[in-house]
Amino acid sequence: MQYSEDQAEAHDRIAGVLRKAGIDLADAATLPDGKPGGLIAVLGKAGSGKTMLLADLVRELEACGVELVSGDYEGRRSRDRRTLAVLAPTNKAASVLRSRGVPATTIHRILYTPMYDPEYEKIAEWLTGKGDRPEIEGLSDIALDRAEALYAAHKSIPGALAAAGLRGSDFITGWTRREDPLDIGLVDESSMLDDRQFDDLKEIFPTLVLFGDPAQLAPVGQSGAMAFDAVKDSRKVHLHRIHRQDGDNPILDLAHALGDPDLGFSDFEHMVEQAARRDDRVVVAPRADAGMMARSPVLVWRNATRIRLIHAFRSAFNAPATELLPGEPLICDGIELPLKHRKKRVDLEARGLIKGAQAVYLGRGRKAGFSRLFVFGAEDPRVNAATIIKIEAPGEEEPFIPSAARMGAAFLHGAAVTIHKAQGSQWPEVQVFAPDLYAAARSGRDEAGIALWKRLAYVAITRAENRLHWVTRYMLSRPDEALSVDDLNREVPAPLSLDGVAEAG
């Protein structure tokens with residue numbers, strides 16, 4: 001690929017770190033005398049080419065014979081094996097990378113590894129090219145052919161075994177915290193890393209490359225500090241050129257205009273209006289679109305605004321007060337299980353039910369307290385799990401709970417989401433609630449020396465891949481159609497049952 005000057009510098013710096021670690025990108029070879037490469041951070045704003053550089057590095061490392069570790073399955077280890085993991089802090093951020101051809105997994109999935117039943121591990125060894133085609137009692141040649149076809153398309157061992165007709169409880173006997181170090185880690189969206197995750201990664205990867213955007217929001221509770229802030233300046237490389245602006249992208253133009261320290265909110269909103277007159281990729285809307293909220297949440301700053309918009313969304317779709325409608329969006333708020341149920345917690349997290357995961361309610365599950373869900377970004381998105389779903393209402397201290405398992409995955413409604421929780425995600429079209437950003441501007445607050453409203457606006461508008469909707473008033477349009485799950489009924493890998501895994505007691 002043709003690099004810009006700053007990308008070429010970043011590539012050369014990373015290549016030097018990898019050469020120290022015993023991998024020569026120039027000659028596509030591994031070296032016998034490698035040492036830990038240490039830590040390096042590649043920093044740049046949206047559109048600066050971070051993901052393009054990351055993807056190219058993955059291809060070069062594969063050409064050197066470095067083995068990709070996905071977190072789904074690890075085969076027999078050899079002393080000479082070199083490994084690479086491409087990581088993101090959330091399932092949604094990992095799925096954004098996978099949609100661009102980068103085989104990413106979450107930090108959760110790399111920290112905890114599955115233990116396979118030895119009989120079915122033979123299938124995994126065969127699919128990964130480390131063994132012959134096995135003969136498994138109870139599995140026909142047709143079932144193995146299905147597994148082979150799915151693995152060829154998706155490189156997912158659990159998905160392949162599910163395609164053969166197996167459930168997760170058939171072939172995964174448990175989960176264990178990774179104790180042995182890996183090799184090379186490439187981490188995208190590193191502005192979202194909290195201190196604990198960063199410490200875990202430094203412990204596991206002797207060579208670690210962070211890719212991050214310093215203009216985004218820092219993790220909550222870290223006083224505006226990001227993981228790469230502690231990296232020595234000599235170990236940082238900056239990308240300045242904005243490649244996606246080469247295509248005259250009005251959304252990125254607006255995002256980078258926020259870097260002007262003299263820009264006020266009213267001036268910025270005027271820029272949005274001017275962009276909307278020039279280009280239909282920016283839309284100024286007097287009200288939020290309820291139909292769009294079913295799959296792409298309105299992004300807000302204040303929690304009270306989020307709750308009011310969710311209430312308006314449910315009213316617009318005539319949702320009953322005592323139950324959810326199929327098609328309503330949800331956001332995972334964590335796993336509510338006691339520490340003694342660690343295996344069940346890890347199993348749920350491995351299926352994508354980690355804090356911040358986006359899902360759609362498909363209907364009641366097969367047992368009381370269970371729900372059928374479609375989890376965005378998961379390789380096997382259809383899940384039947386014990387759920388605790390909480391729907392907040394304006395002025396009410398206690399939420400309405402349509403699904404009340406004693407323990408399991410907890411969810412909030414997902415029609416509106418705070419900008420903090422949206423970080424790391426992208427949608428084709430995004431609605432940004434401008435009155436909340438105006439309130440942030442009026443508050444006069446800043447984060448690490450930058451006006452808070454500018455950080456919020458930057459993160460919010462760069463969540464839009466194709467079109468930005470700038471919502472100017474506290475109003476909601478009524479939907480044209482009823483809620484549906486028809487858009488989720490495309491072909492997906494066979495689901496893995498979580499019966500008895502999410503259920504505790």
Side-chain angles (χ1 to χ4, degrees), residues 1-31 33-69 82-89 93-94 96-105 182-191 193 198 201-202 205-216 226-247 249 252 256 462:
M1 62 180 291
Q2 184 67 41
Y3 287 132
S4 61
E5 185 175 339
D6 55 1
Q7 282 180 313
E9 179 189 355
H11 181 276
D12 290 347
R13 292 277 301 278
I14 296 169
V17 168
L18 293 172
R19 193 178 303 112
K20 179 182 176 183
I23 297 172
D24 190 334
L25 296 184
D27 292 337
T30 56
L31 307 174
D33 55 350
K35 300 177 181 179
L39 176 67
I40 187 170
V42 179
L43 308 179
K45 291 186 177 182
S48 60
K50 298 186 299 296
T51 302
M52 183 188 303
L53 180 59
L54 187 155
D56 199 46
L57 286 167
V58 171
R59 287 190 290 270
E60 289 184 273
L61 285 164
E62 286 188 290
C64 293
V66 176
E67 179 182 334
L68 276 165
V69 176
R82 305 305 304 270
T83 60
L84 164 69
V86 184
L87 306 172
V96 170
L97 281 176
R98 289 196 296 267
S99 71
R100 297 175 181 176
V102 180
T105 190
L182 285 170
D183 199 346
I184 301 159
L186 306 182
V187 186
D188 197 28
E189 295 287 357
S190 63
S191 61
L193 291 176
F198 191 32
L201 291 171
K202 286 187 290 187
F205 295 99
T207 302
L208 189 63
V209 185
L210 305 181
F211 293 82
D213 185 340
Q216 291 191 357
M226 299 180 183
F228 44 72
D229 290 342
V231 178
K232 295 179 180 179
D233 288 343
S234 61
R235 305 289 287 183
K236 293 179 183 176
V237 57
H238 296 269
L239 301 179
H240 300 288
R241 180 181 169 188
I242 306 305
H243 296 266
R244 277 192 278 165
Q245 274 188 326
D246 293 345
N249 186 325
L252 287 173
H256 292 284
T462 54

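As the structure is a computational prediction, the values presented were derived from the model and not from experiment.
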Test item: T51 and V96 side chains (from C-beta on) under 4.5 Å apart, heavy atoms: no
Any chance you could measure T30, atom OG1, to L18, atom CG, to the nearest 0.5 Å? 12.0 Å
Would you check if L193 and L201 make a side-chain contact, meaning some heavy-atom pair closer than 4.5 Å? yes
Nearest atoms (heavy-atom pairs only) where A227 meets S190: CB-O, 4.1 Å
Closest heavy-atom pair, D213 versus A46, reported as atoms and distance to 0.1 Å, is OD2-N, 3.3 Å
Over all heavy atoms of both residues, which pair between S191 and M226 is shortest? Give the atoms and the distance, please. CB-SD, 3.6 Å
Interatomic spacing from NZ in K45 to CD in Q216 - rounded to 0.5 Å: 11.5 Å
Given side chains that start at C-beta, do those of L25 and C64 come closer than 4.5 Å, heavy atoms only? yes
Evaluate D56 against E60 for side chain to side chain contact (heavy atoms under 4.5 Å, CB included), listing each step before the verdict. CA-CA 6 Å; D56 199 46; E60 289 184 273; 3.6 Å; yes
Walk me through it: do V102 and L186 pass the test side chain to side chain contact (heavy atoms under 4.5 Å, CB included)? CA-CA 11 Å; V102 180; L186 306 182; over 6 Å; no
Given 3.5 Å as the limit, does a donor-acceptor pair link the side chain of R19 with the main chain of D24, or not? no
Kindly compute the distance separating NE2 (H238) from OG (S48), expressed to the nearest 0.5 Å. 11.5 Å
L43 versus V237: any side-chain heavy-atom pair under 4.5 Å? no
Looking only at heavy atoms, what is the nearest atom pair of F205 and L182, with distance? CE2-CB, 3.7 Å
Sub-4.5 Å side-chain heavy-atom contact between H11 and L57: yes
Using a 4.5 Å cut-off on heavy atoms from C-beta on, say whether the side chain of F228 contacts that of V187. no
If you round to the nearest 0.5 Å, how far is OG1 of T83 from CG of L61? 10.5 Å
Quick one: are K50 and L54 in side-chain contact, heavy atoms under 4.5 Å? no
Rounded at 0.5 Å granularity, tell me how far CZ in R82 sits from OG1 in T207. 7.0 Å
Taking it one step at a time, do D12 and Y3 satisfy side chain to side chain contact (heavy atoms under 4.5 Å, CB included)? CA-CA 11 Å; D12 290 347; Y3 287 132; over 6 Å; no
Distance check, rounded to the nearest 0.5 Å: L84 atom CG versus E62 atom CD? 7.5 Å
In terms of heavy-atom contacts, E189 and A93 come closest through CG-CB, 4.2 Å
Please step through side chain to side chain contact (heavy atoms under 4.5 Å, CB included) for the pair F211 and L239, ending with a clear verdict. CA-CA 10 Å; F211 293 82; L239 301 179; over 6 Å; no
Is the closest side-chain heavy-atom distance between D188 and V86 below 4.5 Å? no
